[in-house]
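The block underneath contains the structure these notes are about, expressed in C-alpha coordinates.
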Amino acid sequence: MFKKDFPYFNNSEIVYLDNAATTQKPEAVINSQTEYYEKYCANTHRSNFGDANKATQKFEDARKTLKNFINANINEEIIFTKGVTESINFIASSYAKNFKTVIISSLEHHSNIVPWHMQGRSLGNGLEVVKVNDNLDFNFAHFKELLKENPNAFVSVTHISNAFGKIHDIKIITELAHKYGAVVMIDGAQSLAHMKVDMQELDVDFFAISSHKTFGPTGVGAIYIKEKYLKNVEAYQTGGATIHEVDFNSSTLLDSPYKFEAGTQNIAGIIGFAEALNFISHVGYENIEAIEKNVYNYLDEELRKIPNIIFYNNIEDSVGSRSFNFENIVHDDIGILVDKMGIALRVGHHCAQPIMKQLDIRGTIRVSISFYNDYKDVDKLIVALKRALSMLED
Amino acid sequence: MSIEQRVNDIKEDLDFFEDELQKYEYIIDLGKKLDSLDDEYKVPAHIVHGCTSQVWLVCEQKDGKLYFKGTSDAVIVKGLVYIILKIFSDSTIEELKDTDMDIVYELNLSEVITPNRQSGIIGMIKKIKEYAIKA
(Lines give C-alpha, C1' and ligand atoms only; values in the text may rest on other atoms or scores of the structure.)
Protein backbone atom coordinates (compact mmCIF):
# COMPACT_ATOMS: atom_id res chain seq x y z
CA MET A 1 0.00 0.00 0.00
CA PHE A 2 2.87 2.39 0.73
CA LYS A 3 5.24 1.06 -1.92
CA LYS A 4 4.03 3.73 -4.34
CA ASP A 5 5.70 6.37 -2.15
CA PHE A 6 9.09 4.71 -2.64
CA PRO A 7 10.65 5.10 -6.12
CA TYR A 8 12.79 2.00 -5.56
CA PHE A 9 9.70 -0.18 -5.85
CA ASN A 10 8.73 1.45 -9.13
CA ASN A 11 12.13 0.66 -10.54
CA SER A 12 12.73 -2.79 -9.15
CA GLU A 13 11.00 -6.15 -9.11
CA ILE A 14 13.06 -7.24 -6.13
CA VAL A 15 11.24 -8.44 -3.02
CA TYR A 16 13.11 -6.28 -0.53
CA LEU A 17 13.41 -7.92 2.88
CA ASP A 18 16.67 -6.45 4.15
CA ASN A 19 15.24 -3.47 6.00
CA ALA A 20 17.34 -3.99 9.12
CA ALA A 21 20.40 -3.31 6.95
CA THR A 22 18.90 -0.23 5.34
CA THR A 23 15.42 0.95 4.42
CA GLN A 24 14.19 2.28 1.10
CA LYS A 25 13.68 6.04 0.78
CA PRO A 26 10.38 7.82 0.12
CA GLU A 27 10.17 10.13 -2.88
CA ALA A 28 9.88 13.16 -0.60
CA VAL A 29 13.25 12.32 1.01
CA ILE A 30 14.97 11.95 -2.35
CA ASN A 31 13.38 15.16 -3.68
CA SER A 32 14.34 17.20 -0.63
CA GLN A 33 18.01 16.39 -1.19
CA THR A 34 17.84 17.12 -4.90
CA GLU A 35 16.14 20.40 -4.09
CA TYR A 36 18.97 21.41 -1.77
CA TYR A 37 21.60 20.68 -4.42
CA GLU A 38 19.61 22.25 -7.25
CA LYS A 39 18.13 25.31 -5.57
CA TYR A 40 20.02 26.49 -2.51
CA CYS A 41 23.29 24.59 -2.23
CA ALA A 42 25.44 26.58 0.18
CA ASN A 43 27.34 25.91 3.38
CA THR A 44 25.64 26.33 6.72
CA HIS A 45 26.47 28.44 9.80
CA ARG A 46 29.14 30.49 8.00
CA SER A 47 28.12 32.74 5.15
CA ASN A 48 25.37 35.30 5.30
CA PHE A 49 23.97 35.41 1.78
CA GLY A 50 20.44 34.25 1.00
CA ASP A 51 21.03 30.63 0.03
CA ALA A 52 23.45 30.10 2.92
CA ASN A 53 20.84 31.44 5.30
CA LYS A 54 18.22 29.16 3.78
CA ALA A 55 20.50 26.14 4.06
CA THR A 56 21.28 27.00 7.69
CA GLN A 57 17.61 27.47 8.43
CA LYS A 58 16.68 24.11 6.87
CA PHE A 59 19.54 22.43 8.75
CA GLU A 60 18.42 23.84 12.08
CA ASP A 61 14.79 23.06 11.21
CA ALA A 62 15.93 19.44 10.80
CA ARG A 63 17.41 19.52 14.29
CA LYS A 64 14.14 20.84 15.64
CA THR A 65 12.19 18.19 13.73
CA LEU A 66 14.29 15.44 15.28
CA LYS A 67 14.08 17.05 18.71
CA ASN A 68 10.28 17.11 18.52
CA PHE A 69 10.16 13.66 16.98
CA ILE A 70 11.90 11.99 19.91
CA ASN A 71 10.55 14.47 22.46
CA ALA A 72 13.89 15.84 23.58
CA ASN A 73 13.81 18.94 25.77
CA ILE A 74 15.93 21.38 23.81
CA ASN A 75 17.54 21.59 20.35
CA GLU A 76 21.02 21.54 21.90
CA GLU A 77 20.45 17.93 22.94
CA ILE A 78 20.50 16.85 19.29
CA ILE A 79 23.93 16.39 17.71
CA PHE A 80 24.16 15.26 14.11
CA THR A 81 26.69 12.55 13.28
CA LYS A 82 27.46 10.18 10.42
CA GLY A 83 25.33 7.49 11.99
CA VAL A 84 24.94 5.22 14.98
CA THR A 85 28.50 3.93 14.76
CA GLU A 86 29.93 7.43 14.96
CA SER A 87 27.47 8.36 17.70
CA ILE A 88 28.61 5.46 19.87
CA ASN A 89 32.29 6.07 19.14
CA PHE A 90 31.79 9.73 20.01
CA ILE A 91 30.31 9.05 23.43
CA ALA A 92 32.68 6.13 24.09
CA SER A 93 35.75 8.29 23.57
CA SER A 94 34.50 11.68 24.77
CA TYR A 95 32.57 10.72 27.84
CA ALA A 96 32.43 7.04 28.74
CA LYS A 97 36.20 6.50 28.62
CA ASN A 98 36.36 7.82 32.19
CA PHE A 99 34.09 5.11 33.54
CA LYS A 100 35.63 2.14 35.28
CA THR A 101 33.08 -0.30 33.91
CA VAL A 102 30.93 -0.46 30.81
CA ILE A 103 28.00 -2.86 30.77
CA ILE A 104 26.64 -4.05 27.44
CA SER A 105 24.16 -6.78 26.47
CA SER A 106 24.73 -10.09 24.72
CA LEU A 107 22.80 -8.92 21.68
CA GLU A 108 25.02 -5.97 20.78
CA HIS A 109 26.29 -5.57 17.27
CA HIS A 110 29.90 -4.75 16.60
CA SER A 111 29.36 -0.97 16.75
CA ASN A 112 28.68 -1.30 20.47
CA ILE A 113 31.42 -3.83 21.18
CA VAL A 114 34.51 -2.89 19.20
CA PRO A 115 34.83 0.72 20.52
CA TRP A 116 35.04 -0.68 24.05
CA HIS A 117 37.71 -3.18 23.05
CA MET A 118 39.64 -0.30 21.48
CA GLN A 119 39.68 1.30 24.93
CA GLY A 120 41.41 -1.81 26.20
CA ARG A 121 38.33 -3.21 27.89
CA SER A 122 37.70 -6.94 27.73
CA LEU A 123 35.24 -9.23 29.44
CA GLY A 124 35.69 -8.82 33.19
CA ASN A 125 38.27 -6.07 32.71
CA GLY A 126 36.23 -2.93 32.34
CA LEU A 127 33.60 -4.61 30.20
CA GLU A 128 30.69 -6.68 31.47
CA VAL A 129 28.08 -8.42 29.36
CA VAL A 130 24.51 -9.06 30.51
CA LYS A 131 23.58 -12.67 29.84
CA VAL A 132 20.57 -13.69 27.79
CA ASN A 133 17.93 -16.17 28.86
CA ASP A 134 16.51 -18.79 26.50
CA ASN A 135 14.51 -17.01 23.84
CA LEU A 136 17.23 -14.30 23.92
CA ASP A 137 15.55 -12.41 26.76
CA PHE A 138 17.61 -9.80 28.60
CA ASN A 139 18.58 -11.33 31.94
CA PHE A 140 17.49 -8.69 34.46
CA ALA A 141 18.76 -10.67 37.45
CA HIS A 142 22.25 -10.77 35.99
CA PHE A 143 22.02 -7.09 35.05
CA LYS A 144 21.15 -6.19 38.61
CA GLU A 145 24.07 -8.24 39.87
CA LEU A 146 26.45 -6.44 37.51
CA LEU A 147 25.10 -3.04 38.55
CA LYS A 148 25.57 -3.92 42.21
CA GLU A 149 29.13 -5.11 41.62
CA ASN A 150 29.97 -2.12 39.44
CA PRO A 151 28.40 0.99 40.90
CA ASN A 152 28.32 4.12 38.71
CA ALA A 153 28.95 2.11 35.56
CA PHE A 154 28.23 3.18 32.00
CA VAL A 155 25.48 1.05 30.47
CA SER A 156 25.33 0.82 26.69
CA VAL A 157 22.70 -1.49 25.26
CA THR A 158 20.79 -1.87 22.05
CA HIS A 159 17.10 -1.05 21.91
CA ILE A 160 16.26 -3.60 19.21
CA SER A 161 18.67 -6.38 18.27
CA ASN A 162 20.10 -5.98 14.81
CA ALA A 163 20.36 -9.72 14.30
CA PHE A 164 17.18 -11.04 15.90
CA GLY A 165 14.71 -8.16 16.17
CA LYS A 166 14.50 -8.72 19.92
CA ILE A 167 13.30 -5.63 21.83
CA HIS A 168 14.97 -4.65 25.09
CA ASP A 169 12.73 -2.97 27.65
CA ILE A 170 14.71 0.24 27.76
CA LYS A 171 12.48 1.93 30.28
CA ILE A 172 13.05 -0.76 32.90
CA ILE A 173 16.75 -1.12 32.05
CA THR A 174 17.25 2.64 32.48
CA GLU A 175 15.25 2.83 35.70
CA LEU A 176 17.27 0.03 37.22
CA ALA A 177 20.59 1.42 35.97
CA HIS A 178 19.85 4.87 37.38
CA LYS A 179 19.09 3.33 40.78
CA TYR A 180 22.68 2.14 40.87
CA GLY A 181 24.12 5.44 39.69
CA ALA A 182 24.77 4.24 36.17
CA VAL A 183 24.54 6.38 33.03
CA VAL A 184 22.68 4.86 30.10
CA MET A 185 23.30 5.00 26.36
CA ILE A 186 20.93 3.26 23.96
CA ASP A 187 21.83 2.09 20.47
CA GLY A 188 18.62 3.01 18.70
CA ALA A 189 19.73 1.95 15.21
CA GLN A 190 16.63 -0.15 14.62
CA SER A 191 14.16 1.78 16.76
CA LEU A 192 12.71 4.73 14.88
CA ALA A 193 11.73 2.69 11.85
CA HIS A 194 9.38 0.58 13.95
CA MET A 195 8.21 2.40 17.05
CA LYS A 196 7.73 5.72 18.78
CA VAL A 197 10.63 6.62 21.06
CA ASP A 198 10.20 9.31 23.66
CA MET A 199 13.23 10.63 25.52
CA GLN A 200 11.12 11.87 28.45
CA GLU A 201 9.35 8.56 28.87
CA LEU A 202 12.47 6.41 28.45
CA ASP A 203 14.63 8.80 30.51
CA VAL A 204 17.82 7.58 28.81
CA ASP A 205 20.95 9.73 28.97
CA PHE A 206 22.26 9.13 25.45
CA PHE A 207 20.39 7.75 22.45
CA ALA A 208 22.06 6.92 19.13
CA ILE A 209 19.95 7.37 15.99
CA SER A 210 20.33 6.19 12.41
CA SER A 211 18.85 8.00 9.41
CA HIS A 212 19.35 5.33 6.76
CA LYS A 213 17.59 2.65 8.80
CA THR A 214 14.73 5.14 9.25
CA PHE A 215 13.88 5.85 5.59
CA GLY A 216 16.41 8.70 5.45
CA PRO A 217 19.69 9.11 3.57
CA THR A 218 22.86 7.17 4.34
CA GLY A 219 25.78 8.81 6.13
CA VAL A 220 23.56 10.63 8.62
CA GLY A 221 22.67 9.96 12.21
CA ALA A 222 22.44 11.70 15.52
CA ILE A 223 23.13 11.34 19.19
CA TYR A 224 20.72 12.63 21.77
CA ILE A 225 22.57 13.87 24.85
CA LYS A 226 20.46 14.66 27.90
CA GLU A 227 20.95 18.33 28.79
CA LYS A 228 22.57 17.64 32.15
CA TYR A 229 25.45 15.80 30.43
CA LEU A 230 26.14 18.34 27.69
CA LYS A 231 28.80 20.17 29.67
CA ASN A 232 30.60 16.94 30.64
CA VAL A 233 30.94 15.57 27.14
CA GLU A 234 34.16 16.61 25.47
CA ALA A 235 34.32 17.47 21.78
CA TYR A 236 35.01 14.32 19.80
CA GLN A 237 36.69 16.16 16.96
CA THR A 238 37.28 19.86 16.49
CA GLY A 239 37.99 22.32 13.71
CA GLY A 240 35.85 24.51 11.51
CA ALA A 241 32.41 25.46 12.79
CA THR A 242 33.11 24.39 16.36
CA ILE A 243 34.98 27.45 17.60
CA HIS A 244 34.25 30.61 19.44
CA GLU A 245 37.70 32.22 19.37
CA VAL A 246 41.02 31.01 17.98
CA ASP A 247 44.52 32.42 18.04
CA PHE A 248 47.83 30.62 17.66
CA ASN A 249 47.97 29.89 21.35
CA SER A 250 44.53 28.58 22.11
CA SER A 251 40.98 27.94 20.96
CA THR A 252 37.70 28.24 22.73
CA LEU A 253 34.73 26.22 21.60
CA LEU A 254 31.11 27.10 21.05
CA ASP A 255 28.40 25.48 23.11
CA SER A 256 26.47 22.38 22.07
CA PRO A 257 25.49 21.39 19.46
CA TYR A 258 28.03 23.33 17.37
CA LYS A 259 31.13 22.30 19.30
CA PHE A 260 30.29 18.69 18.49
CA GLU A 261 29.68 19.18 14.76
CA ALA A 262 33.11 19.89 13.30
CA GLY A 263 33.48 20.51 9.58
CA THR A 264 30.79 20.68 6.95
CA GLN A 265 28.01 18.28 7.75
CA ASN A 266 26.03 16.13 5.34
CA ILE A 267 23.64 19.03 4.80
CA ALA A 268 21.51 17.41 2.11
CA GLY A 269 21.39 14.20 4.10
CA ILE A 270 20.28 15.92 7.29
CA ILE A 271 17.57 17.84 5.43
CA GLY A 272 16.50 14.53 3.87
CA PHE A 273 16.44 12.85 7.27
CA ALA A 274 14.03 15.46 8.58
CA GLU A 275 11.84 14.74 5.57
CA ALA A 276 11.94 11.03 6.46
CA LEU A 277 10.74 11.84 9.97
CA ASN A 278 7.95 13.99 8.52
CA PHE A 279 7.02 11.05 6.32
CA ILE A 280 6.80 8.74 9.34
CA SER A 281 4.64 11.30 11.15
CA HIS A 282 2.41 11.45 8.09
CA VAL A 283 2.00 7.65 7.99
CA GLY A 284 1.74 7.40 11.76
CA TYR A 285 3.32 4.86 14.09
CA GLU A 286 -0.09 3.29 14.77
CA ASN A 287 -0.30 2.37 11.07
CA ILE A 288 3.32 1.29 10.87
CA GLU A 289 3.00 -0.94 13.94
CA ALA A 290 -0.31 -2.44 12.84
CA ILE A 291 0.89 -3.28 9.32
CA GLU A 292 4.20 -4.65 10.51
CA LYS A 293 2.59 -6.79 13.18
CA ASN A 294 0.31 -8.41 10.61
CA VAL A 295 3.09 -9.06 8.10
CA TYR A 296 5.49 -10.21 10.85
CA ASN A 297 2.97 -12.68 12.26
CA TYR A 298 2.17 -13.96 8.79
CA LEU A 299 5.89 -14.33 8.04
CA ASP A 300 6.37 -16.32 11.24
CA GLU A 301 3.37 -18.56 10.54
CA GLU A 302 4.47 -19.31 6.99
CA LEU A 303 8.09 -19.94 7.97
CA ARG A 304 6.98 -22.37 10.67
CA LYS A 305 5.30 -24.50 8.01
CA ILE A 306 8.68 -25.24 6.41
CA PRO A 307 10.20 -28.40 7.92
CA ASN A 308 13.46 -28.32 9.88
CA ILE A 309 13.44 -24.60 10.51
CA ILE A 310 15.30 -23.41 13.61
CA PHE A 311 14.41 -20.18 15.40
CA TYR A 312 16.36 -18.62 18.24
CA ASN A 313 13.66 -16.42 19.72
CA ASN A 314 9.89 -16.22 19.80
CA ILE A 315 8.13 -13.36 18.10
CA GLU A 316 6.92 -11.89 21.39
CA ASP A 317 8.94 -8.77 22.21
CA SER A 318 10.44 -8.82 18.74
CA VAL A 319 9.93 -6.55 15.77
CA GLY A 320 11.08 -6.28 12.17
CA SER A 321 13.61 -9.08 11.88
CA ARG A 322 13.08 -12.85 11.88
CA SER A 323 16.32 -14.77 12.08
CA PHE A 324 16.52 -18.51 11.50
CA ASN A 325 18.34 -21.48 10.00
CA PHE A 326 17.43 -24.83 8.52
CA GLU A 327 18.88 -28.05 9.89
CA ASN A 328 21.98 -29.18 8.00
CA ILE A 329 21.83 -26.26 5.57
CA VAL A 330 24.42 -23.48 5.55
CA HIS A 331 22.73 -20.07 5.53
CA ASP A 332 25.06 -18.86 2.80
CA ASP A 333 23.66 -21.35 0.27
CA ILE A 334 20.14 -20.08 0.89
CA GLY A 335 21.29 -16.48 0.46
CA ILE A 336 22.88 -17.18 -2.92
CA LEU A 337 19.89 -19.05 -4.29
CA VAL A 338 17.06 -16.79 -3.13
CA ASP A 339 19.00 -13.80 -4.46
CA LYS A 340 18.81 -15.39 -7.90
CA MET A 341 15.06 -15.69 -7.40
CA GLY A 342 14.70 -11.98 -6.75
CA ILE A 343 14.61 -11.99 -2.96
CA ALA A 344 16.81 -9.56 -1.04
CA LEU A 345 17.55 -10.77 2.47
CA ARG A 346 20.68 -11.07 4.54
CA VAL A 347 22.61 -14.13 5.55
CA GLY A 348 25.58 -14.21 7.90
CA HIS A 349 26.43 -13.00 11.37
CA HIS A 350 24.75 -9.60 10.91
CA CYS A 351 27.67 -7.79 12.59
CA ALA A 352 26.91 -9.64 15.82
CA GLN A 353 29.51 -12.41 15.98
CA PRO A 354 29.57 -12.77 19.79
CA ILE A 355 25.92 -13.82 20.08
CA MET A 356 26.35 -16.14 17.09
CA LYS A 357 29.30 -17.78 18.86
CA GLN A 358 27.24 -18.07 22.01
CA LEU A 359 24.48 -19.83 20.06
CA ASP A 360 27.19 -21.97 18.43
CA ILE A 361 26.23 -20.94 14.91
CA ARG A 362 28.12 -19.08 12.22
CA GLY A 363 25.15 -17.00 11.18
CA THR A 364 21.50 -16.99 10.25
CA ILE A 365 19.11 -16.18 7.46
CA ARG A 366 17.53 -12.87 8.42
CA VAL A 367 14.30 -11.61 6.90
CA SER A 368 13.64 -8.05 7.99
CA ILE A 369 10.42 -6.30 7.11
CA SER A 370 9.14 -2.77 7.01
CA PHE A 371 5.63 -1.36 6.78
CA TYR A 372 5.82 -1.27 2.97
CA ASN A 373 6.15 -5.05 2.84
CA ASP A 374 3.02 -7.12 2.38
CA TYR A 375 1.73 -10.69 2.40
CA LYS A 376 2.70 -11.11 -1.25
CA ASP A 377 6.34 -10.42 -0.39
CA VAL A 378 6.16 -13.14 2.24
CA ASP A 379 4.50 -15.56 -0.19
CA LYS A 380 7.25 -15.00 -2.77
CA LEU A 381 9.90 -15.47 -0.09
CA ILE A 382 8.39 -18.78 1.01
CA VAL A 383 8.27 -20.10 -2.57
CA ALA A 384 11.91 -19.10 -3.07
CA LEU A 385 13.01 -20.67 0.22
CA LYS A 386 11.25 -23.94 -0.60
CA ARG A 387 12.82 -24.06 -4.04
CA ALA A 388 16.27 -23.29 -2.63
CA LEU A 389 15.86 -26.03 -0.02
CA SER A 390 14.82 -28.56 -2.64
CA MET A 391 17.90 -27.70 -4.68
CA LEU A 392 20.17 -28.13 -1.67
CA GLU A 393 18.71 -31.42 -0.51
CA ASP A 394 20.86 -34.49 -1.10
CA MET B 1 45.93 -30.53 -20.25
CA SER B 2 46.96 -26.92 -19.63
CA ILE B 3 45.27 -24.73 -17.04
CA GLU B 4 43.94 -22.55 -19.85
CA GLN B 5 42.35 -25.55 -21.59
CA ARG B 6 40.71 -26.62 -18.33
CA VAL B 7 39.30 -23.13 -17.81
CA ASN B 8 37.88 -23.20 -21.34
CA ASP B 9 36.27 -26.60 -20.75
CA ILE B 10 34.56 -25.45 -17.56
CA LYS B 11 33.52 -22.19 -19.21
CA GLU B 12 31.90 -24.17 -21.98
CA ASP B 13 29.99 -26.26 -19.45
CA LEU B 14 28.80 -23.24 -17.49
CA ASP B 15 27.84 -21.27 -20.60
CA PHE B 16 25.52 -24.11 -21.58
CA PHE B 17 23.01 -22.92 -18.98
CA GLU B 18 21.05 -19.83 -19.83
CA ASP B 19 18.99 -19.93 -16.66
CA GLU B 20 20.99 -18.90 -13.62
CA LEU B 21 19.24 -21.31 -11.29
CA GLN B 22 20.07 -24.19 -13.62
CA LYS B 23 23.67 -23.05 -13.53
CA TYR B 24 23.51 -23.22 -9.75
CA GLU B 25 21.96 -26.67 -9.84
CA TYR B 26 24.91 -27.74 -11.94
CA ILE B 27 27.39 -26.15 -9.52
CA ILE B 28 25.62 -27.89 -6.61
CA ASP B 29 25.95 -31.22 -8.45
CA LEU B 30 29.65 -30.56 -8.96
CA GLY B 31 29.95 -29.95 -5.22
CA LYS B 32 28.41 -33.34 -4.55
CA LYS B 33 31.14 -34.95 -6.66
CA LEU B 34 33.86 -33.44 -4.51
CA ASP B 35 35.86 -36.02 -2.52
CA SER B 36 35.29 -35.62 1.18
CA LEU B 37 38.10 -34.06 3.18
CA ASP B 38 39.17 -35.82 6.37
CA ASP B 39 38.59 -33.83 9.55
CA GLU B 40 42.32 -33.89 10.32
CA TYR B 41 42.81 -31.44 7.43
CA LYS B 42 40.16 -29.03 8.68
CA VAL B 43 42.59 -27.01 10.75
CA PRO B 44 43.17 -23.24 10.83
CA ALA B 45 46.30 -23.54 8.66
CA HIS B 46 44.18 -24.81 5.79
CA ILE B 47 41.39 -22.26 6.06
CA VAL B 48 41.00 -19.92 3.12
CA HIS B 49 40.55 -16.34 4.26
CA GLY B 50 38.05 -14.07 2.62
CA CYS B 51 35.30 -16.65 2.33
CA THR B 52 31.92 -15.97 3.89
CA SER B 53 31.57 -19.75 4.16
CA GLN B 54 34.22 -21.99 5.63
CA VAL B 55 36.67 -23.30 3.03
CA TRP B 56 39.68 -25.53 3.55
CA LEU B 57 42.39 -26.09 0.98
CA VAL B 58 45.19 -28.65 1.27
CA CYS B 59 48.19 -29.02 -1.02
CA GLU B 60 50.29 -32.10 -1.74
CA GLN B 61 53.42 -32.22 -3.86
CA LYS B 62 54.38 -35.24 -5.96
CA ASP B 63 56.86 -35.54 -8.85
CA GLY B 64 57.06 -31.79 -9.49
CA LYS B 65 53.34 -31.39 -9.53
CA LEU B 66 50.91 -29.95 -6.99
CA TYR B 67 47.67 -31.69 -6.07
CA PHE B 68 44.94 -29.92 -4.17
CA LYS B 69 42.16 -31.16 -1.95
CA GLY B 70 39.52 -29.00 -0.38
CA THR B 71 35.97 -28.59 0.74
CA SER B 72 33.48 -26.18 2.23
CA ASP B 73 30.62 -26.37 4.68
CA ALA B 74 28.34 -24.68 2.12
CA VAL B 75 27.04 -26.73 -0.79
CA ILE B 76 27.37 -24.09 -3.52
CA VAL B 77 30.85 -23.13 -2.40
CA LYS B 78 31.74 -26.83 -2.52
CA GLY B 79 30.87 -26.70 -6.21
CA LEU B 80 33.13 -23.71 -6.67
CA VAL B 81 35.91 -25.50 -4.80
CA TYR B 82 35.43 -28.44 -7.20
CA ILE B 83 35.84 -26.08 -10.16
CA ILE B 84 38.97 -24.45 -8.76
CA LEU B 85 40.54 -27.83 -7.90
CA LYS B 86 39.70 -29.17 -11.35
CA ILE B 87 41.48 -26.20 -12.91
CA PHE B 88 44.61 -26.07 -10.77
CA SER B 89 45.20 -29.52 -9.28
CA ASP B 90 47.59 -31.88 -11.10
CA SER B 91 49.61 -28.95 -12.53
CA THR B 92 53.34 -28.47 -12.49
CA ILE B 93 54.77 -26.01 -10.02
CA GLU B 94 56.20 -23.97 -12.89
CA GLU B 95 52.89 -23.77 -14.67
CA LEU B 96 51.12 -22.63 -11.49
CA LYS B 97 53.80 -20.02 -10.89
CA ASP B 98 53.52 -18.72 -14.44
CA THR B 99 49.74 -18.71 -14.71
CA ASP B 100 47.99 -15.41 -14.46
CA MET B 101 45.46 -16.29 -11.81
CA ASP B 102 43.02 -13.75 -13.26
CA ILE B 103 42.34 -16.49 -15.81
CA VAL B 104 39.37 -17.66 -13.73
CA TYR B 105 37.60 -14.38 -14.42
CA GLU B 106 37.00 -15.90 -17.86
CA LEU B 107 34.54 -18.26 -16.17
CA ASN B 108 32.32 -15.22 -15.58
CA LEU B 109 31.75 -16.42 -12.06
CA SER B 110 31.48 -12.76 -11.13
CA GLU B 111 28.07 -12.85 -12.76
CA VAL B 112 26.87 -15.59 -10.48
CA ILE B 113 28.77 -14.83 -7.31
CA THR B 114 28.42 -11.68 -5.23
CA PRO B 115 31.52 -9.56 -4.50
CA ASN B 116 31.62 -10.92 -0.93
CA ARG B 117 31.89 -14.44 -2.17
CA GLN B 118 34.24 -13.61 -5.01
CA SER B 119 36.80 -12.63 -2.41
CA GLY B 120 36.60 -16.24 -1.25
CA ILE B 121 37.38 -17.50 -4.75
CA ILE B 122 40.23 -15.00 -4.97
CA GLY B 123 41.38 -16.21 -1.54
CA MET B 124 41.48 -19.79 -2.82
CA ILE B 125 43.48 -18.83 -5.88
CA LYS B 126 45.87 -16.74 -3.81
CA LYS B 127 46.48 -19.71 -1.54
CA ILE B 128 47.16 -21.94 -4.55
CA LYS B 129 49.69 -19.43 -5.89
CA GLU B 130 51.31 -19.23 -2.43
CA TYR B 131 51.61 -23.03 -2.32
CA ALA B 132 53.27 -22.97 -5.77
CA ILE B 133 55.72 -20.22 -4.83
CA LYS B 134 56.67 -21.98 -1.59
CA ALA B 135 56.98 -25.41 -3.24
Side-chain angles (χ1 to χ4, degrees), chain A residues 12-18 21-22 109-110 163 308 310 323-353 356-357 359-366 380-394, chain B residues 14-37 39 42 44 47-56 70-84 107-124:
Chain A
S12 173
E13 297 287 311
I14 295 296
V15 176
Y16 189 79
L17 296 165
D18 194 22
T22 198
H109 66 154
H110 299 160
N308 303 324
I310 306 162
S323 220
F324 54 91
N325 269 310
F326 295 103
E327 267 171 46
N328 302 320
I329 300 282
V330 174
H331 50 77
D332 216 24
D333 285 325
I334 297 284
I336 293 174
L337 293 175
V338 299
D339 166 45
K340 298 302 161 197
M341 293 181 245
I343 310 288
L345 50 69
R346 181 146 163 210
V347 293
H349 52 63
H350 317 298
C351 299
Q353 284 183 4
M356 299 296 161
K357 285 176 187 164
L359 293 168
D360 200 22
I361 52 177
R362 293 190 63 246
T364 67
I365 302 155
R366 183 186 70 187
K380 287 178 188 166
L381 164 76
I382 300 294
V383 169
L385 283 175
K386 284 181 178 166
R387 178 146 188 220
L389 287 166
S390 73
M391 286 172 74
L392 293 167
E393 275 166 7
D394 278 333
Chain B
L14 290 173
D15 286 348
F16 174 77
F17 302 100
E18 280 178 19
D19 179 80
E20 280 207 3
L21 279 178
Q22 281 180 355
K23 197 179 281 195
Y24 271 108
E25 263 170 345
Y26 176 68
I27 293 173
I28 288 168
D29 284 343
L30 291 182
K32 288 175 184 164
K33 290 204 291 191
L34 195 66
D35 291 334
S36 63
L37 189 72
D39 282 348
K42 292 180 184 173
I47 284 181
V48 177
H49 295 289
C51 293
T52 47
S53 314
Q54 282 186 292
V55 175
W56 296 269
T71 193
S72 171
D73 56 348
V75 178
I76 294 170
V77 181
K78 248 184 182 173
L80 299 173
V81 172
Y82 179 91
I83 290 172
I84 297 295
L107 296 175
N108 285 331
L109 286 177
S110 58
E111 281 176 20
V112 282
I113 307 165
T114 63
N116 262 347
R117 296 181 182 95
Q118 278 175 54
S119 70
I121 303 286
I122 293 163
M124 253 189 277

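Throughout, a chain's letter reflects where its sequence line sits, starting with A, and its residues are numbered from 1. Note: hydrogens, waters and symmetry copies are ignored here, and every other heavy atom, side chains too, is used.
The structure places CD1 of B:Ile28 at 4.5 Å from CG of A:Leu392, a figure rounded to the nearest 0.5 Å. Once rounded to the nearest 0.5 Å, the distance linking CE of A:Met341 with CD of B:Glu20 reads 11.0 Å. A:Met391 contributes atom CE, which lies 5.0 Å from atom CG of B:Leu21 (distance to the nearest 0.5 angstrom).
More than 12 heavy atoms of other shown residues, nucleotides or ligands fall within 6.0 angstrom of atom NZ in B:Lys42. A:Asn328 CG: 12 or fewer foreign heavy atoms inside a 6.0 Å radius.
Here A:Val330 pairs with A:Asp332, A:Asp333, B:Asp73, B:Ala74 under the side-chain contact (heavy atoms from CB on, under 4.5 Å) rule; sequence neighbours left out.
Contacts between B:Ile76 and chain A at a heavy-atom distance below 4.5 Å involve backbone atoms as well as side-chain atoms.
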